[in-house]
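Reading through the structure tokens given below for one structure.
Small disclaimer: the values here were computed from a predicted structure and weren't measured.
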Amino acid sequence: MMFMDIDAIIGVVVLAFIGLDIFTGIHVYKENKAKTGRFFPSWGSMSTLRKANTVGLLILVIVMFYWLYNYSILAP
């Protein structure tokens, strides 16, 4: 019973962190829009690490959806 409480606490902390990150990101994007006229930075002005993270996350999402469609409980 104790482990379930710890798991719930960890879940709430993770969700709070993600929510705070999204809230901060929206605030930063609004400031960027006011300064430059666009929400996101241009591809040329992004660092190499940020470009790699963006491409890697897109690939990860595509692989996850492929797995969900073919091999998970959601497969037809």
- Between CG on residue Leu58 and OG1 on residue Thr54, distance to nearest 0.5 Å: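 Here the interatomic distance stands at 7.0 Å.
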- Distance in Å, Leu15 CG paired with Ile10 CD1, rounded so as to fall on 0.5 Å steps: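 These two atoms lie 12.0 Å from each other.
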- Message: Could you check whether atom NZ of Lys51 has more than 12 heavy atoms from other residues, nucleotides or ligands sitting under 6.0 Å from it?
- Response: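 Above 12, so yes.
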- Message: With clusters defined by side-chain heavy atoms of hydrophobic residues (ILVMFWY) lying less than 4.5 Å apart, directly or transitively, does Ile59 cluster with Trp43?
- Response: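 Trp43 and Ile59: one cluster.
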- Query: Tyr66 and Met64: same hydrophobic cluster, using ILVMFWY side-chain contacts below 4.5 Å?
  - Reply: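 In one cluster: yes.
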- Task: Could you check if a side-chain atom of Phe65 sits within less than 4.5 angstrom of a side-chain atom of Leu68, using non-hydrogen atoms only?
- Result: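 A side-chain contact under 4.5 Å exists here.
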